[in-house]
Structures are given as C-alpha cells and as structure tokens.
**Q** 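One structure, pasted below without further comment.
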Amino acid sequence: MTRIIPVLTVLAAIGLFWYAMAVHMNAPWQNTLNTRAGLENVALLDFAQQTWAQDKPVLPAPHQVATEIWNATIGLEFTSRRSLAYHAWITLSATLLGFALGTVLGVALAVAIIHNDASDRSLMPWIIASQTIPILAVAPMVVVGLGAVGLTGLVPKSLISMYLSFFPVVVGMVKGLRSPEGIQLDLMRTYDATPWQTFWKLRWPAAIPFLFASMKVGIAISLIGAVVAELSNASGGGLGVRLLTGSYNGQTIQIWAALFIAAGLAAVLVAIVGSTEKWVNGRMGVRA
Amino acid sequence: MRLSNLQLYLLLVGGGAAMLGLALSLPTLGNAPLVLIFFVLATLPLFRLAKPLSLWLDGLIAIFGAVALIASLPQGASMPLHHWLALFSAWAFAWLFVERLSAAIRAGTLPETGTSLIIPVIFGLALLAMWEVVTRGANVPAVLLPPPSAIGARMAAETGILWADFVQTFIRSVLPGYAIGCLAGLGVAILVDRSPFLKAGIMPIGNFMSALPIIGIAPIMVMWFGFDWQSKAAVVVAMTFFPMLVNTVAGLNAASVMERDLMRTYAASYWQTLFKLRLPAAGPFIFNALKINSTLALIGAIVAEFFGTPVVGMGFRISTGVGRLAIDLVWAEIAVAAVAGSAFYGVIALIERGVTFWHPSVRGGRA
C-alpha cells in the first residue's frame with residue numbers, strides 16, 4: 001500500500017492538471033462558439049463542462065478519450081475498419097513477428113561476436129553505427145521498396161521492428177555471454193568441457209538475465225517500429241494509420257485514443273516479458 | 001604464423017572461386033583485363049598453402065578485386081558468371097584478411113591502436129563495394145536501391161538542399177529540443193530526489209513512460225505548436241525527458257553511504273554534497289542518458305516531420321522523395337542523418353571520456 005499511494009497521488013495530480021489544461025486550451029474556441037450562439041456569461045462550471053465536451057478539442061479531456069477507446073473497441077464489431085481493436089491487432093501481429101525475428105537475429109549475432117574475434121572487431125562498430133541511421137525515417141522507403149518487389153502487409157513492418165529490436169538484444173547478449181568469470185571458465189576447462197558444453201551449461205544460463213532485460217527494451221521499441229512503419233501504408237491499417245488519419249482530419253480524440261491503445265499495448269507486452277522473466281528465473285533457481 | 005582452420009577454409013574458398021573464374025573467363029579473355037589479373041593474383045596464394053603469404057597481401061588482393069570489379073562492370077547488362085565469382089572471391093579474401101589481422105593483434109604481433117581501426121573500415125568498405133557491384137551488376141532498379149556511387153553523385157549535386165534540411169532538422173529542432181529535454185530531466189530528477197514521496201510516485205510512472213511509444217505524440221505536438229521547428233523540438237523534449245529523469249535518479253543513488261557519511265563529517269551542506277559528490281558520481285548514468293537521447297532526438301524530429309512541416313527538413317525530404325521516387329535523394333538524406341547522428345553520439349562519448357575519466361568503464365579502455 002505504501003508503494004501505491006504515492007503513485008496514485010501523482011496520477012491524480014496529473015489528471016487534475018489535465019482537466020485544467022483542457023479548459024485552458026479549449027477555451028478560445030469555446031468562446032468563439034458561445035459568441036456565435038449568442039450565449040453570454042456562461043457560469044464557470046458550465047463553461048468548463050463545455051470545454052470538456054467539444055467535438056474536435058485541442059486537448060480532449062480524459063473521459064472523452066476513455067469513451068472513445070470504449071466505443072472503438074468494445075462498442076464496435078472487431079472486423080470493422082473503425083474498430084481500434086482491429087487496428088491494434090494489425091500492429092500487434094507486426095510487432096510480435098518483428099520482435100521474434102529481432103531477438104533471434106540479435107542472439108545469433110551475439111554468439112558470432114563472442115566466438116570470433118574478427119567478427120567482434122568488424123561487426124560491433126557497424127552494429128552501433130547502424131542504430132544512428134534513423135530507420136524510423138527510412139521506414140516509409142523500406143515499405144515502398146519492398147512493396148515494389150511484392151512484399152507487402154506484415155513483412156515490411158516486421159522487418160523494421162526487427163531492425164530496431166535486434167540492437168538491444170545484441171548489446172545485452174554480448175555482455176551476458178561474456179559475464180561468466182575467468183574462474184568459472186577455468187572450472188569448465190578442468191572438467192574438460194567442449195566449447196559447445198561451455199556455451200550451453202555456463203554462458204547461456206549466465207546470459208539469460210541480460211537477455212530478458214534486453215527483450216523488455218526490444219519489445220517496446222519494436223512496437224514503435226511497427227507504428228511508424230504503418231505511417232507509409234495507409235491502406236494496411238494499424239494504429240499508425242489511425243494516428244495519421246486523425247492528424248489529417250483534426251480528429252484529436254481519435255489520435256489520443258490510438259495513442260493510449262498503443263501505450264497500453266506496450267505496457268502489456270513489457271509486463272508479459274517481465275512475468276516470463278520471473279517464471280524463468282524461478283525455474284532457474286534465482287530467488288526473487 | 002600458421003593459418004587456423006577457418007582461415008584455411010576462407011583461403012580455399014576464395015582461391016577456389018578465383019580458379020573457377022579463371023577457367024570460365026578464359027574463353028572471353030581480354031573483355032575485362034583487370035578482373036583477369038585479379039583471378040590470377042587470387043589463385044596464386046593457393047600454391048603456397050604450406051607457408052602462407054603476408055596477411056597484407058590478402059588485404060591487397062581483396063582491395064584490388066573490388067576495384068577491378070567496379071571498374072569493369074558491364075554497362076546496362078547483367079554481370080557474367082565469372083564477375084560473380086570474382087565478387088565472392090574478393091569477399092572471401094577480405095574476410096581472410098580481417099581474420100588474420102585480428103589474430104595478429106590478439107597474438108601481439110601487431111599493435112592494438114591504429115590497426116584495430118582497419119578492421120571495421122575494411123568491413124564497411126567491403127559492404128559498400130558489395131552494394132555497388134550487386135546493384136549495378138544485377139541491374140537492381142534505382143527505384144528500389146540505388147548504388148552508392150549514384151547516391152554520392154546526388155549528394156554532391158544537392159549540397160544546398162541537404163544543408164538547408166540539416167539546418168532545419170538538426171540545428172533548429174534537434175539541438176534545442178535535446179538541450180531542453182535533458183536539462184528538464186536533470187532538474188526534475190534533482191527535485192524528485194529530495195522528496196521520497198515524489199520519488200515513490202514519479203519513478204514508476206517515469207519508467208513506464210520511457211518504455212512507451214512517445215513518438216506517437218508527434219501529431220498532437222504538430223497540432224499544438226504548428227508546422228515549424230517548434231513542434232519537432234517539443235517532440236524531442238518529450239522523448240528525451242524520461243530517459244534522462246530515470247537515469248539521473250538512479251545515478252544520484254550511486255554515491256555510497258560511506259562517501260555520504262564522509263561528507264557529513266565534513267559538515268557539508270546539501271548543495272555541497274550534491275555538486276561535489278553526488279552529481280559527479282551520477283556522471284556515468286547522466287552520460288548514458290545523453291548518449292541514448294542523442295539518437296532518439298534525431299529520430300523524433302525526423303518522424304515528427306512526417307506529420308506536417310514547412311517545405312524543408314530531412315523528414316519532409318524523405319517522405320516526399322519516396323513519393324516522387326527520387327530514392328537516391330532519400331538515401332543521400334539518410335547518409336547525412338547517419339553521419340550527423342554518429343557525430344553527435346561521438347561528441348557526447350568524447351565528452352564523457354573527458355568528464356568521467358575516473359570511472360572503471362572508461363579506465364578499462366574498451367567501452
């Protein structure tokens with residue numbers, strides 16, 4: 001309880017601030033509306049309620065966003081093009097595929113790097129440099145380019161997610177696979193263990209905590225990759241498309257709803273990885 | 001020094017491919033004299049398997065192979081088979097060179113400084129050469145993937161546009177946003193650190209927020225702050241704030257209890273303890289956030305430009321370039337972004353090395 005109260009307090013403060021800002025930011029337009037309608041001297045409380053109920057507010061009030069999320073997920077058929085659950089599913093599938101590919105690629109690269117001196121020296125600098133290429137900026141081009149050779153839909157988006165999520169996995173796994181100390185490696189040598197045995201019985205278990213820490217970062221950014229990749233393929237659907245169409249049409253409530261769904265999705269994915277980590281740690285005998 | 005198994009395989013594969021290429025290209029002798037010379041050169045080391053030649057010779061063979069291939073690429077037609085073999089052989093020799101070089105560095109026969117830089121450079125050059133040869137040799141349409149030479153030519157031709165975009169995106173949007181976001185994160189972290197209640201309340205939310213797709217707020221910021229650089233800077237501020245907050249708070253706890261006790265025995269005030277002990281101790285964490293943020297900031301600004309900009313900026317150029325199928329301009333823009341991002345990261349890393357010189361990760365040499 002002592003850990004929840006401060007969080008709730010801060011959240012409540014954010015909520016209050018949000019409602020106040022909604023009044024402040026929507027006020028000019030509401031004033032224009034009221035003048036046009038011939039309304040004068042609206043009571044402060046009524047005025048606040050008006051600003052919280054606009055169609056296209058500058059800043060929608062929290063309950064407007066919540067209503068929109070409810071209407072667009074539970075209130076609509078799943079297959080509807082306007083259903084946020086449908087778009088979230090599109091984004092989620094690209095995220096998961098990209099995350100899986102990125103984790104496999106990252107682990108493979110890390111294994112190559114720790115077992116081969118030359119690949120460590122030649123790959124590592126370029127892996128780091130590759131992340132300074134703003135792939136999110138390149139994403140539209142990758143999507144268009146792959147579309148020209150017939151790859152559309154899930155795959156291009158997953159490739160962008162993969163490109164973003166492999167990096168933390170490589171960095172974490174290289175660190176993790178190198179984390180066994182010299183004394184432990186020496187023990188393996190006295191047991192006459194083969195390199196294969198040393199890898200599976202010492203290095204791999206030692207790297208598992210690092211792998212999970214990296215995967216938590218990786219799954220969050222592979223969601224970002226999927227969302228941004230969707231910006232360039234408006235017909236494909238997904239949360240990114242909702243953000244973009246909302247932006248073009250001034251549908252602020254729609255933007256905020258898509259944003260919150262994306263945030264919720266990220267939180268759930270990170271939590272799933274986190275609880276898998278706890279389960280695996282438990283099986284491996286780590287005390288919580 | 002004798003060759004290891006891997007090096008031996010590489011030599012056999014590279015030399016074998018060259019020998020095969022030599023046999024295939026003999027009927028059309030003289031069409032591409034440079035490639036022919038390369039085949040001969042690359043076959044020769046096979047005859048001295050027992051006593052390997054100097055590793056620099058392997059490097060020279062690989063470089064000569066790449067140059068010969070690029071110089072004798074057929075215009076407008078697909079490459080004949082022996083060109084592909086030459087590419088394969090040159091790649092094997094480059095790999096062999098890198099393998100032997102790193103083995104020599106490890107054995108101590110070559111100095112670490114300087115020579116260890118050659119390896120990633122060779123890798124990068126090999127990648128570029130491969131890209132050039134494959135895109136031109138297999139006639140990949142320029143709309144899909146232009147060869148590096150075309151991108152370079154475009155960069156040279158459009159320096160004005162590239163510079164204007166760089167100024168708009170990097171100088172106007174990224175730098176102010178980065179400075180404001182990082183300073184705000186640092187300030188809030190110091191404030192939060194004073195109050196255990198605030199810390200308990202804000203930190204879970206901060207950790208949560210730094211894992212969320214904050215980039216999604218770009219359309220909102222464009223709506224609030226307009227199309228110009230202010231909205232991009234605002235996105236950058238939002239993206240850089242939370243990593244800085246989370247890292248700094250963790251860093252402020254890095255000073256050990258014993259060191260704090262020492263400060264107390266000196267009767268140091270809160271601010272003295274903060275500036276003389278805790279902030280320096282937090283240095284590695286703060287620089288970690290600064291480095292993470294340096295790449296995040298550029299990405300945030302460029303993506304925010306997709307949601308509306310004045311007709312200048314890297315994100316604008318990339319999104320319109322894709323629409324107009326001016327892919328070489330897009331790649332030129334990407335190259336500028338990559339260089340700018342790497343340089344930004346490099347500058348921060350250099351400052352880090354100077355400021356936190358005492359930290360084990362810096363003292364140990366390889367970060």
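Because only heavy atoms are used, hydrogens play no part in the values below, and waters and symmetry mates are left out as well, while side chains stay in.
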**Q** How about A:W256: does its CH2 atom have over 12 heavy atoms from other parts shown lying under 6.0 Å from it?
**A**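 Atom CH2 in A:W256 is packed in, count exceeds 12.
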**Q** Side chain to side chain contact (heavy atoms under 4.5 Å, CB included) between B:F306 and A:L244: does it pass, once the steps are laid out?
**A** CA-CA 9 Å; B:F306 290 173; A:L244 199 63; 5.7 Å; no
**Q** Can you check whether A:L259 reaches B:I220 side chain to side chain, under 4.5 Å on heavy atoms?
**A**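 Yes, their side chains come closer than 4.5 Å.
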**Q** Report the distance from atom CG of A:L123 to atom CD1 of B:I119, rounding to the nearest 0.5 Å.
**A**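 The CG atom of A:L123 sits 11.0 Å away from the CD1 atom of B:I119.
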**Q** Which pair of heavy atoms, one from B:A200 and one from A:V7, lies closest together, and at what distance?
**A**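 Closest pair (atom of B:A200, atom of A:V7, distance): O-CG2, 3.5 Å.
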**Q** Does some side-chain heavy atom of B:L127 sit less than 4.5 Å from a side-chain heavy atom of A:W126?
**A**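 No; the side chains remain at least 4.5 Å from each other.
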**Q** Taking only residues at least two apart or on different chains, which pairs with a member in residues 329-340 of chain B satisfy salt bridge (charged side-chain N to carboxylate O under 4.0 Å, His left out)?
**A**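 Qualifying pairs: none.
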**Q** Verify side chain to side chain contact (heavy atoms under 4.5 Å, CB included) between B:M223 and A:I255, making sure each step is shown before the conclusion.
**A** CA-CA 11 Å; B:M223 231 167 250; A:I255 297 179; 3.8 Å; yes
**Q** Using a 6.0 Å cut-off, check whether atom NE2 of A:H24 has over 12 heavy atoms from anything other than its own residue.
**A**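 Counting neighbours around NE2 of A:H24, 12 or fewer heavy atoms of other residues, nucleotides or ligands fall under 6.0 Å, so no.
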**Q** Checking B:I205 against chain A: side chain, backbone, both or neither under 4.5 Å from a heavy atom?
**A**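 For B:I205, side-chain heavy atoms alone lie under 4.5 Å from chain A.
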**Q** Please report the interatomic distance CD1(B:I299) to CD1(A:I224), rounded to the nearest 0.5 Å.
**A**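 One finds 9.0 Å between CD1 of B:I299 and CD1 of A:I224.
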**Q** First locate atom CG of B:L296, then atom CD1 of A:I221, and finally report the distance between them rounded to the nearest 0.5 Å.
**A**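 Separation between the atoms: 9.0 Å.
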